[in-house]
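Below is one structure, written out as structure tokens, with a few remarks after it.
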Amino acid sequence: MAFLPVKEQLEIIKRGTVEIVPEEELVLKLEKSFKLNTPLRIKLGCDPTRPDLHLGHSVILRKMRQFQDLGHHCILIIGDFTGMIGDPSGANKTRPSLTKEDVRENGKTYFEQASKILDPQKTEIVYNADWLGNMKFEDVIRLASKFTVARMIERDDFTKRYESNEPISLHEFLYPLAQGQDSVHLRSDVELGGSDQKFNLLVGRQLQREDGQDPQVCLMMPLLVGTDGTHKMSKSYDNYIGLDEDANNMYGKSLSIPDQLIYDYFELVTDVPLEELPVLKQKAETDPRNAKHDLALAITELYYGKEAAIKAREHFEQTVIKKEIPDDIPEFSFAAGEQIRLIQLITSIKFAPSNGESRRLIQQGGVSIDGETVSDINAEISIDAETSFVLKVGKRKFGKITGK
RNA sequence: GGGGAGAUUCCAGAGCGGCCAAAUGGGGCAGACUGUAAAUCUGUUGUCUUACGACUUCGCAGGUUCGAAUCCUGCUCUCCCCA
């Protein structure tokens, strides 16, 4: 296939990037690729320990997709080797070491979810245990000798953990080396990563250089700030919008981001054309309400299509703005003749994790039946064949209770 | 190898023999308000119980005591200083 002119490719590639190190080398690589009509080898590593992808992951995956669309060769590394050992970074808890099967399984799940963004046909999947697992201790020592401790601990997250007296295990120093070794093995031209990966990506450059290769270009994407507006999007902060979230949730959660993030989201997680971005930036400042709805729609549309996205918008307006009952709510049937305490009913359909919690919800006015707030903790419900009412618990848990 | 500090409820962090299901902050949840599932304010935040109360929880295992998160012994883990 024919490649786009280098200048046009660059424009697409640079969208949203934090840093490209070094950009001149990327230009050279693109020029060479164009001349020889050979695709660049783009590398992206993933951690298969938690295969629940969210919009934060999508930032980098989308960048990968852009490379695919430009005709380059994309390689997704499933980090099964590191996953088996259990990367303890960022935590002082030992993570459970996964078995080989677990990791392969997770890797599969990861790829399935990533396929919502990547073109699976054009993605090469590799497992790094295939080469890292064969290294001898001697090889590891030789690799380790290429880095000094001072260089390692100057890495930002190590420095922070060191200063706050948090433990750093020795093997964590080996992770960047392992990742760099991946680049050597795959002879990558470009490695993608979050801006927190800079150090690791740079290690790849050094190791490739020592191996006599043309070092990879490191392309860093910003870390997407989560719905709380402060931390990077991640499952552990519970500020994420999952890729397999249903359309309604995706829409609603997208609306809950703080206003100042609207533009970033447009740039990083939607497909709005480059030339429209400045307009949207303007709109995000002058008309945040509508800009945010546009954003929510754009995000939802990307994963569920236009029709579903519009439905999600309607659902949101109905339930949140007009505070009406949505059309499609789950139904829970109880045997006719049954007498059940409301508290237990709420717990039994998992609208609350414990009876204590249900009780609290009622006490706080968070429970209503057909729009009437229930304040009696001891309320009992008699079910008969005719029973049918809508139970609302908290802001957005609706259920239709019926008798059978 | 030697010396010191520490492990508390989702997180951070008080408590140091009964008044401790355990201060305070963060987070979560609910209510009010709002363009919003944002911000703000208020309430709430182990389990079971209508309630009285009962039960489980303060690294792990034992022990002292009428009674332990708090005292003792051993173990595990972490941090700091020295070598």
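Convention: sequence-line order gives letters A, B, ...; per-chain numbering from 1.
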With a 4.0 Å cut-off on heavy atoms, is A:Lys292 in touch with a base, just the backbone sugar-phosphate, or nothing at all?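 The residue A:Lys292 makes base contact.
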
Tell me which residues in [range] lie within less than 4.0 Å of RNA chain B, going by non-hydrogen atoms.
{"range": "residues 241-252 of chain A", "result": "A:Asn248, A:Asn249, A:Gly252"}
{"range": "residues 339-348 of chain A", "result": "A:Arg341, A:Gln344"}
{"range": "residues 258-271 of chain A", "result": "A:Asp259"}
{"range": "residues 371-378 of chain A", "result": "A:Asn378"}
{"range": "residues 356-369 of chain A", "result": "A:Gly356, A:Glu357, A:Arg359, A:Arg360, A:Leu361, A:Gln364, A:Gly365, A:Gly366"}

Given [N], is OP1 or OP2 found less than 4.0 Å from the side-chain N or O atoms of [X]?
{"X": "A:Lys397", "N": "B:C29", "result": "no"}
{"X": "A:Ser354", "N": "B:U47", "result": "yes"}
{"X": "A:Asn165", "N": "B:U78", "result": "no"}

Tell me, please, which residues at least two apart from A:Ser188 pass side-chain contact (heavy atoms from CB on, under 4.5 Å).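 Only A:Lys43, A:Ser183, A:Gln208, A:Gln216 meet the side-chain contact (heavy atoms from CB on, under 4.5 Å) criterion with A:Ser188.
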
- Item | salt bridge (Lys or Arg N to Asp or Glu O under 4.0 Å): pairs with one or both residues in residues 245-260 of chain A, sequence neighbours excluded |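 Qualifying pairs, neighbours excluded: A:Glu245-A:Lys253, A:Asp259-A:Lys292.
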
Please report, to 0.1 Å, the donor-acceptor pairs under 3.5 Å made by any side chain of residues 371-379 of chain A, with sequence neighbours excluded.
from	atom 1	to	atom 2	distance (Å)
A:Asp376	OD1	A:Asn378	N	2.8

Name each donor-acceptor pair under 3.5 Å that joins a side chain in residues 341-349 of chain A to protein atoms two or more places apart or in another chain, with its distance.
from	atom 1	to	atom 2	distance (Å)
A:Thr347	OG1	A:Ile343	O	2.9
A:Thr347	OG1	A:Asn355	OD1	2.7
A:Thr347	OG1	A:Ser358	OG	2.8
A:Ser348	OG	A:Gln344	O	3.4
A:Ser348	OG	A:Leu345	O	2.8

Distance under 6.0 Å and angle within 45° of ring axis: A:Arg151 vs A:Phe147:
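Checked: cation-pi criterion not met.
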
Whole angstrom is fine here: how far is it from CZ in A:Arg161 over to P in B:C79?
->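 My rounded result for the distance is 10 Å.
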
For nucleotides 81-83 of chain B, print each protein N/O atom paired with a nucleotide N/O atom at under 3.5 Å, atom names and distance only.
none

Output the single nucleotide from B:G31, B:G35, B:U49 whose closest atom is nearest the side chain of A:Asn355.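 It is B:U49.
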
Qualifying residues under salt bridge (charged side-chain N to carboxylate O under 4.0 Å, His left out), relative to A:Asp287, sequence neighbours excluded: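 In terms of salt bridge (charged side-chain N to carboxylate O under 4.0 Å, His left out), with neighbours along the sequence ignored, A:Asp287 is linked to no residue.
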
Report, one line per pair, each donor and acceptor closer than 3.5 Å where one atom sits in a side chain of residues 129-136 of chain A; sequence neighbours left out.
from	atom 1	to	atom 2	distance (Å)
A:Trp131	NE1	A:Asp182	OD1	2.8
A:Asn134	ND2	A:Asp130	O	2.9

Using the ring of each side chain (for Trp, its six-membered ring), is A:Tyr251 parallel, tilted or perpendicular to A:His293, with breaks at 30° and 60°?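 A:Tyr251 vs A:His293 ring planes: tilted.
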
